[in-house]
Amino acid sequence: MTACSRSGSLLGVRVCAAVLLANVSSFSEEFIQDLGESSVYETTSVEKPLQASSSYAEVLPEAWEGRSLSAAEVLASLPGVQYTRQGGVGSFQTVSIRGVSAKNIVVCMDGIPLNDASGGAVDFGSIDLNQIEKIEVYKDRVPAKFGGRGIGGAINFITKGSKPAEVALKPEEKKSGRVLLSYGSHNTWEASTQLLSRLTDSASVSASLSARHSDNDYEFDSQNGTPYNPNDDFTDTRRNAEFTEYSGLFKARVLHSNGVFSTLNMNFSRSEGGNPGRDDYQTSVAGYKGEFAQTTYRAELPQLLGWLWLELSLTGKYEKATSHSYYDLDHIGYNTLGMQEYGAAGYSLVPEVVANYSGERLEANLRLSLDASYYEKRGTSANKWNLMRVATNVSGDVSYDIVKNLSIGGESSALFVQDDVHGGNFVQPTTSLFLKTAKERDVTWTVRGFVRYDEPNSRYGGNLSFGRFARTPQLMELYGVYPGVLSNPNLKDESALRFEVGGYYMIPKSNTAIRATYFETQINDGIYWLVSAGFAKPKNIGEAHIRGLEAELESKPKKWLTVVLRTTFQDAEDRSGEKYYHGKQLPNEPARSYYAEARFDLPFHLDLTWTSEYRTEIFDDRANRVKQPAVDLHHFALAYTPFTKTRLVFALRNLTDETYRNPYISFPTPGREYKLTLTQGF
């Protein structure tokens, strides 16, 4: 699975993963679940009111710039968020939220979902943070503005240039920009540049270009193909793991004379690299390529009837990924790439209408979208196929203030799906069957209600919510079309009941906020890939019960000191009907995790940030046979800011260990790494 999943793309990676899972016999007894482990980021750059619930946060660039962190690692420092990774820069990485697997989390770029038809998790390793201005994290729900569908919450990456020029620029400025240069361990380098220009009083443009690369030739602790016998482990070097990516974006904003505000947003990325394969069976010629492009036009209309706001948008998206060669062919010297290539290309068109009403006590939003997606085969090693899905989504939310500081509300969504299969050839153990039509799908719906007490200047507040959420099976889960991947058109929707209650208390004298949230989730009909005898088939076999407590303290007792403490206690239990797994701990979900950070503002324009993290033992498999020991990591970053627009950061991660833990497991503890970053504004 590692070979394909490192592709750093958003579509074919999961398609390839399904193929490889069907052929790698070492996974024959396990189900695949995207869960993981926590890491760290600079929490002082979390932009949220001190009174806000820990179920929502906005993360700013100060959290990752110069810190040698991926998007998954940045997010995993938040309580309740864990992450998985399969190597270094650009490797396949995902996150789970409050024990809910990554494939059930809606991940968006500028509000447009990145989740593709394969049914797998979005690859966070493919997201270049140099192009990101802010990250929004919703741990309790999927907001109506993202379609409202999904079990595990939502993450929205907002690209640079999202703020209009009149907000980002000073009145006397016509343009501004910034350059970032970085170099670190394993020949890892990054370079990016951004420009924002105000053309006229009513028009502005912004653009960004970025490139990053890593040889990823780090040393790691190999299990030598015997995960149950630690006595024969040895230190090896990762080979054929290089990663290179180029990305860019362009935004234009215009305020028309009729009051309409138009935005054109275009972004793209292209990545390629090697597929190193398993730690005990590394490849030498395998590789991958990924491409992604998205264009959105958005029009915000003037207020209608004195109370209604309308927003219209049209988005087009293209994604492609291919992986070539495979272990057996690789090791006998066969390197004709075209003879062993898997992949897919996808095209999507999404028109959308959003209506908003905001009154003295009542606020409501309604969203209607149509998502037409088409996917077809790329490569030469599989039968020809193509799939199409047209999904109509209606979602909305409402909030009503009963009294000044007490509000009630709810969110709901409905999804209508129509699938079409063209040439869907799939393989059974004894014969090959032709799938002529797709099965009719029922309407998928979600609903959530909440009560919230909150006041801007209050010392305390709280919230309570309860909801039923669902996820419709994706095309590749329903109609697996590669050899070795068995179709299952009878899959049911995954569903979950979720409950949470939380509160905060603020101590103004010491500028301190304390938050705590209790959460509980019951998941039914979870979809897992069952792998046996060289074949993979998705089935509704998973049930799980997750409950836990998040707590965090943020304090700035002195002008030169900021302290953050966070912890998560959770019980993530497998409750499937099979006795072999019932009562076991969900893979890659620790029972406890802790995070601590201290930032010191020093003389001579220096600042130092120290972070420490700890998580208890986890299991790699549902049977809880492969155990990974508890991990504690320590990092620091020293920054020098001699001028207002100049900043130099030296970061050192994992001070105690020199080598990676086995990179093929879900949480490979990184070895000691350094990074030097220069940012210069103009």
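Numbering starts at 1 and runs along the sequence shown. In this text the structure is predicted, and so the values were computed from the model without any measurement.
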*Of all the heavy-atom pairs spanning A72 and T94, show the shortest one and how long it is.*
CB-O, 4.1 Å
_Using modelled atom types and a 3.5 Å cut-off, is there a donor and acceptor pairing between side-chain atoms of E133 and backbone atoms of G161?_
yes
*With distance as the sole test, does D397 use its side chain to make a donor-acceptor pair with the main-chain N or O of G410 at under 3.5 Å?*
no
_When you compare the side chain of L114 with that of F292, does any pair of heavy atoms fall below 4.5 Å?_
yes
_Contact list for residues 202-214, test salt bridge (Lys or Arg N to Asp or Glu O under 4.0 Å), sequence neighbours left out_ = R212-E245
*Hey, does the side chain of N356 reach the backbone of L366 with a donor-acceptor pair shorter than 3.5 angstrom?*
no
*Heavy atoms only: give me the nearest L69-L129 pair and the separation to one decimal.*
O-CD1, 3.7 Å
*Derivation of the side-chain contact (heavy atoms from CB on, under 4.5 Å) call for D442 and V417*: CA-CA 8 Å; D442 295 329; V417 172; over 6 Å; no
_Name the residue from R498, R468, R448 that meets the salt bridge (Lys or Arg N to Asp or Glu O under 4.0 Å) definition with E411._
R448
*All side chain to side chain donor-acceptor pair (under 3.5 Å) counterparts of S399, not counting sequence neighbours*: none
*Does a salt bridge link R67 with E65, judged by any charged N lying under 4.0 Å from a carboxylate O?*
no
*Please confirm whether the backbone N or O of L249 pairs with a side-chain atom of N267, one donor and one acceptor, at under 3.5 Å?*
no
_ring-ring contact (aromatic ring centres under 6.0 Å, His included) partners of F268, counting only residues at least two apart_ = none
_Donor on one side chain, acceptor on other, S262 and H256, under 3.5 Å_ = yes
*asked:* Checking S348 against D371 for the side-chain contact (heavy atoms from CB on, under 4.5 Å) test, could you report, in this order, the C-alpha distance in whole Å, the side-chain angles of both residues, the deciding distance, and whether it holds?
replied: CA-CA 7 Å; S348 299; D371 187 336; 4.2 Å; yes
*Looking only at non-hydrogen atoms, find the nearest pair between G88 and S91 and report the distance.*
O-OG, 2.7 Å
*asked:* So does G125 get a backbone contact from the side chain of R85, meaning a donor-acceptor N/O pair under 3.5 Å?
replied: no
*asked:* Going by side chain to side chain contact (heavy atoms under 4.5 Å, CB included), name the residues that satisfy it together with Q194, two or more places apart in sequence or in a different chain.
replied: K160, R178, S192, S208
*Could you pull out all residues at least two apart from L368 that satisfy side chain to side chain contact (heavy atoms under 4.5 Å, CB included)?*
T392, V394
_Does this structure show an ion pair linking D420 with R389, if we count only N-O contacts that are shorter than 4.0 Å?_
no
*Can you establish whether the number of heavy atoms outside Y318 located under 6.0 Å from its atom OH is more than 12?*
yes
*Do L181 and T677 have side-chain heavy atoms sitting under 4.5 Å apart?*
no
_Shortest non-hydrogen separation from A102 to V95 and the atoms involved_ = CB-O, 2.9 Å
*Give, for atom CD1 of I105 and atom CD1 of I97, the distance between the pair rounded to the nearest 0.5 Å.*
4.0 Å
*Side chain proximity check, P473 to I527, heavy atoms < 4.5 angstrom*: yes
*Can you name the residues that form a side chain to side chain donor-acceptor pair (under 3.5 Å) with N156, not counting sequence neighbours?*
E136
*Is the side chain of N365 donor-acceptor paired with the backbone N or O of A144 at a distance under 3.5 Å, no angle test?*
no
*Report yes if some heavy atom in the side chain of N386 is under 4.5 Å from a heavy atom in the side chain of Y375; otherwise report no.*
no
*Distance-minimising heavy-atom pair for E494 and G526*: OE2-CA, 3.3 Å
*Dump the intermediate steps for side-chain contact (heavy atoms from CB on, under 4.5 Å) on K139 and V81, then the final yes or no.*
CA-CA 8 Å; K139 291 187 284 184; V81 182; 4.0 Å; yes
*Please name all residues satisfying ring-ring contact (aromatic ring centres under 6.0 Å, His included) with W309, sequence neighbours left out, ordered by chain then number.*
none
_I'd like to know whether S206 forms a side chain to side chain donor-acceptor pair (under 3.5 Å) with R198, so could you lay out the CA-CA distance, the side-chain angles of the two residues, the decisive distance to 0.1 Å, and finally the verdict._
CA-CA 9 Å; S206 62; R198 180 166 48 199; over 6 Å; no
_Once you measure the plane-to-plane angle for Y138 and F146, does it fall in the parallel (<30°), tilted (30-60°) or perpendicular (>60°) bin?_
perpendicular
*Side chains of S413 and S395: is there a donor and an acceptor less than 3.5 Å apart?*
no
*Yes or no on side chain to side chain donor-acceptor pair (under 3.5 Å) for T159 and K251, after CA distance, side-chain angles and deciding distance?*
CA-CA 10 Å; T159 56; K251 291 187 179 182; 2.8 Å; yes
_Between M266 and Q294, does the side-chain contact (heavy atoms from CB on, under 4.5 Å) criterion hold? Intermediate values first, please._
CA-CA 6 Å; M266 306 169 62; Q294 179 173 293; over 6 Å; no
*Using distance alone, with no hydrogens and no angle criterion, decide if N130 and E190 have a side-chain donor and acceptor under 3.5 Å apart.*
yes
*Report yes if some heavy atom in the side chain of L304 is under 4.5 Å from a heavy atom in the side chain of L310; otherwise report no.*
yes
*Identify, with sequence neighbours excluded, every residue that meets ring-ring contact (aromatic ring centres under 6.0 Å, His included) alongside F250.*
none
_With L255 via side chain to side chain contact (heavy atoms under 4.5 Å, CB included) - residues at least two apart_ = S202, F261
*Work out which heavy atom in G152 is nearest to a heavy atom in V100; give both atom names and the distance.*
CA-CG1, 3.6 Å
*Does a side chain donor of either S210 or Q131 reach within less than 3.5 Å of an acceptor in the other side chain?*
no
*How many angstroms lie between OG in S271 and CZ in F243, if you round to the nearest 0.5 Å?*
5.0 Å
*Partners of T444 by side chain to side chain donor-acceptor pair (under 3.5 Å), sequence neighbours excluded?*
T472, D493
*asked:* Using a 3.5 Å distance criterion without hydrogens, assess whether the side chain of S412 forms a donor-acceptor pair with backbone atoms of T446.
replied: yes
*4.5 Å side-chain heavy-atom contact, V137 and Y56*: no
*For N104, check side chain to side chain donor-acceptor pair (under 3.5 Å) against everything at least two apart and list the hits.*
S101, R471
_Q303 CD: over 12 foreign heavy atoms closer than 6.0 Å_ = yes
*Go through the steps to decide whether S247 and S269 satisfy the test side chain to side chain donor-acceptor pair (under 3.5 Å), and finish with yes or no.*
CA-CA 4 Å; S247 60; S269 65; over 6 Å; no
*Heavy-atom check, side chain of R298 versus side chain of N265, under 4.5 Å*: no
*Kindly indicate whether the side chain of L314, heavy atoms from C-beta on, has any atom under 4.5 Å from the side chain of T296.*
no
*Is the shortest side-chain N to carboxylate O distance from E291 to K289 below 4.0 Å?*
no
*Partners meeting ring-ring contact (aromatic ring centres under 6.0 Å, His included) with F469 (sequence neighbours left out)*: none
